[in-house]
Enquirer: 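Quick one: this structure, given as structure tokens, is what I'll be asking you about.
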Amino acid sequence: MAKRQVFFSFHFDKDIWRVGQVRNIGAVDGQEIFFDNGWEKIRLKSDTAIKAWIDSEMRMRSCIVVLIGTDTASRRWVQYEIEQAWRLGKGVVGIYIHGLEDYWGRQASKGHNPFDDFYIDRQINYISHRSTPLDDNDVLMSAVCKAYDPPYVTSKVVYQDIKDNIEKLIEEAIEIRNRYPK
């Protein structure tokens with residue numbers, strides 16, 4: 001399988017420890033299966049600088065992986081990144097990370113699926129953050145883009161499950177996106 005350029009989208013303050021675990025998959029075993037972005041370096045800049053950075057980083061990626069924690073769906077930049085990824089024709093996939101432990105060894109509550117808050121158009125390259133469809137061509141994004149929830153309860157097994165499935169999830173997301181107008 002090809003090494004993919006991946007953009008990770010997540011709630012920085014609450015989930016960075018869990019996100020670090022996912023981002024290090026592959027690197028820990030000596031083989032990187034994807035490249036990620038450097039949100040830590042830009043997150044404290046102006047809105048204009050953040051948007052420009054997201055847009056620039058997104059262009060180099062083949063897929064966005066939304067790492068879904070308790071409050072991820074409500075985060076402004078996560079919403080912007082989901083919209084931009086779809087508009088730019090990138091694969092879009094979510095992975096729930098609430099089952100991974102944080103720095104203190106605690107798991108979190110499962111968050112809301114962020115794809116439930118978007119509609120995409122079947123006929124044109126269009127996405128909108130809203131609660132109702134505009135017409136019969138609109139489909140709920142969560143009906144198209146997978147939000148994978150590891151079916152395990154212990155952090156180590158959740159980690160292993162994500163590790164075992166992340167490549168397949170990324171490839172599947174790219175294939176799905178290629179079925180829709182760009």
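Reckoned from all heavy atoms, side chains included, excluding hydrogens, waters and symmetry mates.
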Enquirer: For Glu101 and Ser155, test the side chains for any donor-to-acceptor distance below 3.5 angstrom and give the result as yes or no.
Expert: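 Short answer, no.
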Enquirer: For residues Val144 and Tyr180, report the shortest heavy-atom separation together with the two atoms involved.
Expert: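 It is CG2-OH, 3.3 Å.
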Enquirer: Kindly give the heavy-atom pair with the smallest separation between Gln79 and Phe118, and that separation in Å.
Expert: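 Here Gln79 and Phe118 meet closest at O-CZ, 3.6 Å.
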Enquirer: Distance alone, cut at 3.5 Å: any donor-acceptor contact between the side chains of Asp161 and Tyr148?
Expert: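 Indeed, the side chains of Asp161 and Tyr148 share at least one donor-acceptor pair under 3.5 Å.
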Enquirer: Walk me through it: do Arg75 and Asp15 pass the test salt bridge (charged side-chain N to carboxylate O under 4.0 Å, His left out)?
Expert: CA-CA 12 Å; Arg75 304 305 294 173; Asp15 293 321; over 6 Å; no
Enquirer: Membership question, hydrophobic clusters at under 4.5 Å side-chain separation (ILVMFWY): are Leu100 and Val6 in the same one?
Expert: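 Yes, Val6 and Leu100 fall within the same hydrophobic cluster.
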Enquirer: Report the residues that fulfil side chain to side chain contact (heavy atoms under 4.5 Å, CB included) with Asp116, sequence neighbours left out, ordered by chain and then residue number.
Expert: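 Result, side chain to side chain contact (heavy atoms under 4.5 Å, CB included) vs Asp116: His112, Asn113, Leu140, Ser142.
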Enquirer: Would you find a donor on one side and an acceptor on the other, under 3.5 Å apart, between the side chain of Arg122 and the backbone of Asp136?
Expert: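 Yes, Arg122 side chain to Asp136 backbone: donor-acceptor pair under 3.5 Å.
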Enquirer: Give a yes or no answer on whether the side chain of Lys90 reaches the backbone of Arg61 with a donor-acceptor pair at less than 3.5 Å.
Expert: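 Looks like yes, one N/O pair under 3.5 Å.
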Enquirer: Closest approach of Ala85 and Ile64, non-hydrogen atoms and distance?
Expert: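 Heavy-atom minimum between the residues: CB-CG2, 3.3 Å.
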Enquirer: If I compare all heavy atoms of Tyr96 with all of Pro150, which pair ends up nearest, and what's the gap?
Expert: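 Heavy atoms of Tyr96 and Pro150 come nearest at O-CD, 3.5 Å.
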Enquirer: Return the NZ to CG distance between Lys14 and Asp71, rounded to the nearest 0.5 Å.
Expert: 3.5 Å
Enquirer: On the 0 to 90° scale, with breaks at 30° and 60°, tag the Trp53-Phe7 ring pair as parallel, tilted or perpendicular.
Expert: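 Answer is tilted, since the angle falls between 30° and 60°.
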Enquirer: Within the supplied structure, the quantity of interest is the number of heavy atoms (other residues, nucleotides, ligands) at a distance under 6.0 Å from Lys45 NZ; does it exceed 12?
Expert: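 Atom NZ in Lys45 is not crowded, with 12 or fewer foreign heavy atoms closer than 6.0 Å.
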Enquirer: I need the minimum non-hydrogen distance between Ile68 and Pro114, along with the two atoms involved.
Expert: CD1-CD, 3.6 Å
Enquirer: Quick one: does any side-chain atom of Thr70 pair with a main-chain N or O of Ser109 as donor and acceptor, under 3.5 Å?
Expert: yes
Enquirer: Is there a chain of hydrophobic side chains (I, L, V, M, F, W, Y, each step under 4.5 Å between heavy atoms) that links Tyr152 to Ile166?
Expert: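 Both belong to a single hydrophobic cluster.
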Enquirer: What about Phe12 and Val19, same hydrophobic cluster or not, with Ile/Leu/Val/Met/Phe/Trp/Tyr joined at side-chain heavy-atom distances under 4.5 Å?
Expert: yes
Enquirer: Can you find a heavy atom in the side chain of Val78 that is under 4.5 Å from one in the side chain of His11?
Expert: no
Enquirer: Could you tell me whether a side-chain N or O of Gln5 sits under 3.5 Å from a main-chain N or O of Ser62, the two making a donor and an acceptor?
Expert: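 Side chain of Gln5 to backbone of Ser62, a donor-acceptor pair under 3.5 Å: no, none is there.
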Enquirer: Under the salt bridge (charged side-chain N to carboxylate O under 4.0 Å, His left out) rule, what do Lys168 and Glu172 come out as? Steps first, then yes or no, please.
Expert: CA-CA 6 Å; Lys168 179 181 70 138; Glu172 182 180 84; 5.7 Å; no
Enquirer: Side chains of Tyr80 and Asp55 only: does a donor on one sit below 3.5 Å from an acceptor on the other?
Expert: yes
Enquirer: State whether the side chain of Arg177 and the backbone N or O of Trp86 hold a donor-acceptor pair below 3.5 Å, judged by distance alone.
Expert: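 At least one qualifying donor-acceptor pair exists.
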